[in-house]
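Just so you know, residue 1 is the first one in the sequence shown, and it goes up from there.
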Amino acid sequence: MDTPSSGTPARRESLQPAPTHSVNLPLRAMSPGVVDYLFRQLVSGRPSEDVQWEREGITLAAQPEGAELARRLSETDIDALTPTELFHYVRAAQRLAAWAEDLRQAAVSRYCHAGTNAPGPGNRAV
(Lines give C-alpha, C1' and ligand atoms only; values in the text may rest on other atoms or scores of the structure.)
Protein backbone atom coordinates (compact mmCIF):
# COMPACT_ATOMS: atom_id res chain seq x y z
CA MET A 1 0.00 0.00 0.00
CA ASP A 2 1.10 3.52 -0.68
CA THR A 3 1.29 5.80 2.30
CA PRO A 4 0.96 9.50 1.54
CA SER A 5 2.58 12.14 3.72
CA SER A 6 -0.56 12.28 5.88
CA GLY A 7 0.23 8.80 7.20
CA THR A 8 -3.09 7.32 6.08
CA PRO A 9 -2.75 4.42 3.65
CA ALA A 10 -4.09 5.26 0.17
CA ARG A 11 -6.56 2.87 -1.42
CA ARG A 12 -5.62 1.35 -4.72
CA GLU A 13 -8.33 0.77 -7.24
CA SER A 14 -8.63 -2.86 -8.17
CA LEU A 15 -7.58 -3.68 -11.69
CA GLN A 16 -9.81 -6.73 -11.64
CA PRO A 17 -12.94 -6.52 -13.78
CA ALA A 18 -16.23 -6.20 -12.00
CA PRO A 19 -17.87 -9.54 -11.27
CA THR A 20 -20.31 -10.64 -13.92
CA HIS A 21 -23.48 -12.64 -13.63
CA SER A 22 -23.30 -16.36 -14.15
CA VAL A 23 -25.16 -15.92 -17.43
CA ASN A 24 -23.26 -13.95 -20.02
CA LEU A 25 -25.82 -12.30 -22.26
CA PRO A 26 -24.70 -10.56 -25.42
CA LEU A 27 -24.84 -6.81 -25.24
CA ARG A 28 -26.98 -5.17 -27.86
CA ALA A 29 -25.86 -1.93 -29.35
CA MET A 30 -28.39 0.60 -30.52
CA SER A 31 -28.40 1.37 -34.19
CA PRO A 32 -27.44 4.89 -35.29
CA GLY A 33 -31.07 5.49 -36.25
CA VAL A 34 -32.27 4.62 -32.75
CA VAL A 35 -29.61 6.82 -31.17
CA ASP A 36 -30.59 9.68 -33.48
CA TYR A 37 -34.29 9.22 -32.68
CA LEU A 38 -33.65 9.16 -28.92
CA PHE A 39 -31.43 12.25 -29.17
CA ARG A 40 -34.10 14.17 -31.10
CA GLN A 41 -36.71 13.15 -28.54
CA LEU A 42 -34.48 14.29 -25.68
CA VAL A 43 -33.68 17.65 -27.31
CA SER A 44 -37.34 18.37 -28.08
CA GLY A 45 -38.45 17.44 -24.56
CA ARG A 46 -40.65 14.56 -25.73
CA PRO A 47 -40.67 11.11 -24.09
CA SER A 48 -38.26 8.51 -25.38
CA GLU A 49 -41.12 6.08 -26.00
CA ASP A 50 -42.37 6.01 -29.57
CA VAL A 51 -46.06 6.84 -29.24
CA GLN A 52 -46.69 7.61 -32.92
CA TRP A 53 -47.79 4.01 -33.54
CA GLU A 54 -50.67 4.54 -31.09
CA ARG A 55 -52.13 7.22 -33.38
CA GLU A 56 -51.79 5.11 -36.52
CA GLY A 57 -54.31 2.40 -35.72
CA ILE A 58 -55.79 0.21 -33.08
CA THR A 59 -53.37 -0.71 -30.32
CA LEU A 60 -52.71 -4.28 -29.24
CA ALA A 61 -54.42 -3.51 -25.94
CA ALA A 62 -57.60 -2.49 -27.78
CA GLN A 63 -57.48 -5.20 -30.47
CA PRO A 64 -60.32 -7.70 -29.92
CA GLU A 65 -59.36 -11.33 -29.43
CA GLY A 66 -59.41 -13.35 -32.60
CA ALA A 67 -57.59 -14.05 -35.82
CA GLU A 68 -56.44 -10.44 -36.37
CA LEU A 69 -54.85 -10.25 -32.93
CA ALA A 70 -53.15 -13.61 -33.52
CA ARG A 71 -51.82 -12.36 -36.88
CA ARG A 72 -50.49 -9.13 -35.40
CA LEU A 73 -48.78 -10.94 -32.53
CA SER A 74 -47.20 -13.51 -34.85
CA GLU A 75 -45.86 -10.81 -37.20
CA THR A 76 -44.38 -8.62 -34.45
CA ASP A 77 -40.61 -8.47 -34.05
CA ILE A 78 -40.46 -8.59 -30.26
CA ASP A 79 -36.75 -7.68 -30.26
CA ALA A 80 -37.70 -4.26 -31.65
CA LEU A 81 -40.26 -3.47 -28.94
CA THR A 82 -39.71 -0.99 -26.16
CA PRO A 83 -40.33 -2.26 -22.62
CA THR A 84 -43.78 -0.63 -22.59
CA GLU A 85 -44.69 -2.12 -25.96
CA LEU A 86 -43.41 -5.52 -24.83
CA PHE A 87 -45.64 -5.31 -21.75
CA HIS A 88 -48.69 -4.63 -23.96
CA TYR A 89 -47.60 -7.45 -26.30
CA VAL A 90 -47.47 -9.93 -23.41
CA ARG A 91 -50.86 -8.80 -22.10
CA ALA A 92 -52.40 -9.18 -25.57
CA ALA A 93 -50.89 -12.66 -25.92
CA GLN A 94 -52.36 -13.61 -22.53
CA ARG A 95 -55.80 -12.35 -23.59
CA LEU A 96 -55.57 -14.32 -26.84
CA ALA A 97 -54.53 -17.49 -25.00
CA ALA A 98 -57.42 -17.13 -22.52
CA TRP A 99 -59.86 -16.58 -25.40
CA ALA A 100 -58.56 -19.67 -27.23
CA GLU A 101 -58.80 -21.71 -24.01
CA ASP A 102 -62.44 -20.62 -23.60
CA LEU A 103 -63.15 -21.80 -27.16
CA ARG A 104 -61.49 -25.13 -26.45
CA GLN A 105 -63.42 -25.66 -23.22
CA ALA A 106 -66.71 -24.83 -24.93
CA ALA A 107 -65.95 -27.32 -27.70
CA VAL A 108 -64.97 -30.05 -25.22
CA SER A 109 -68.11 -29.39 -23.19
CA ARG A 110 -70.27 -29.61 -26.28
CA TYR A 111 -68.53 -32.80 -27.37
CA CYS A 112 -68.92 -34.45 -23.94
CA HIS A 113 -72.54 -33.39 -23.37
CA ALA A 114 -73.91 -33.66 -26.87
CA GLY A 115 -75.50 -37.06 -26.23
CA THR A 116 -75.40 -40.17 -28.32
CA ASN A 117 -76.63 -38.46 -31.47
CA ALA A 118 -73.43 -36.48 -31.91
CA PRO A 119 -70.71 -38.07 -34.02
CA GLY A 120 -67.76 -39.21 -31.95
CA PRO A 121 -64.54 -41.04 -32.64
CA GLY A 122 -66.37 -44.39 -32.84
CA ASN A 123 -69.67 -43.12 -34.23
CA ARG A 124 -70.11 -42.20 -37.85
CA ALA A 125 -72.61 -39.59 -38.84
CA VAL A 126 -75.04 -40.96 -41.41
Side-chain angles (χ1 to χ4, degrees):
M1 254 187 227
D2 295 332
T3 305
S5 59
S6 66
T8 307
R11 292 180 50 161
R12 286 190 182 181
E13 295 298 321
S14 173
L15 298 178
Q16 297 295 326
T20 59
H21 299 289
S22 61
V23 177
N24 290 327
L25 299 175
L27 295 176
R28 293 187 183 194
M30 289 188 282
S31 70
V34 170
V35 172
D36 181 55
Y37 169 79
L38 292 174
F39 179 75
R40 284 185 280 118
Q41 293 294 95
L42 177 68
V43 169
S44 67
R46 291 180 288 190
S48 61
E49 297 289 329
D50 182 8
V51 293
Q52 179 64 32
W53 61 273
E54 291 177 343
R55 292 188 280 267
E56 294 177 357
I58 190 167
T59 64
L60 283 178
Q63 180 74 50
E65 295 83 4
E68 180 62 16
L69 180 59
R71 182 196 64 77
R72 289 182 64 192
L73 291 173
S74 69
E75 292 178 357
T76 300
D77 178 10
I78 61 172
D79 291 331
L81 299 179
T82 65
T84 301
E85 292 168 341
L86 187 57
F87 173 81
H88 289 295
Y89 179 93
V90 169
R91 292 291 306 261
Q94 289 172 331
R95 284 189 303 109
L96 184 64
W99 175 77
E101 180 60 20
D102 288 345
L103 290 177
R104 187 192 68 79
Q105 287 179 1
V108 168
S109 177
R110 181 172 172 92
Y111 179 80
C112 292
H113 295 84
T116 57
N117 295 339
N123 303 340
R124 292 178 56 181
V126 182

>> Taking salt bridge (charged side-chain N to carboxylate O under 4.0 Å, His left out) as the cut-off, I'd like each qualifying pair that reaches into residues 89-99, sequence neighbours left out, listed once.
In response: Glu65-Arg95
> Partners of Arg71 by salt bridge (Lys or Arg N to Asp or Glu O under 4.0 Å), sequence neighbours excluded?
Replying inline: Glu68, Glu75
> For Val108, which fellow cluster members are found when Ile, Leu, Val, Met, Phe, Trp and Tyr are connected by side-chain heavy-atom distances below 4.5 angstrom, either directly or through intermediates?
Replying inline: none
>> So, using side chain to side chain contact (heavy atoms under 4.5 Å, CB included) as the criterion, who are the partners of Leu73 when residues are at least two apart?
In response: Leu60, Leu69, Tyr89, Ala92, Ala93, Leu96
>> Just verifying a value: how many Å separate Glu85 CD and Thr59 OG1, rounded to the nearest 0.5 Å?
In response: 11.0 Å
> To the nearest 0.5 Å, how far apart are OG1 in Thr76 and NE2 in His88?
Replying inline: 13.5 Å
> Which pairs, with at least one residue in residues 97-108 and sequence neighbours excluded, count as a side-chain hydrogen bond (donor to acceptor under 3.5 Å, both in side chains)?
Replying inline: Glu101-Arg104, Glu101-Gln105
> How would you list, by chain and number, every residue that makes a side chain to side chain donor-acceptor pair (under 3.5 Å) with Ser44, sequence neighbours excluded?
Replying inline: Arg46
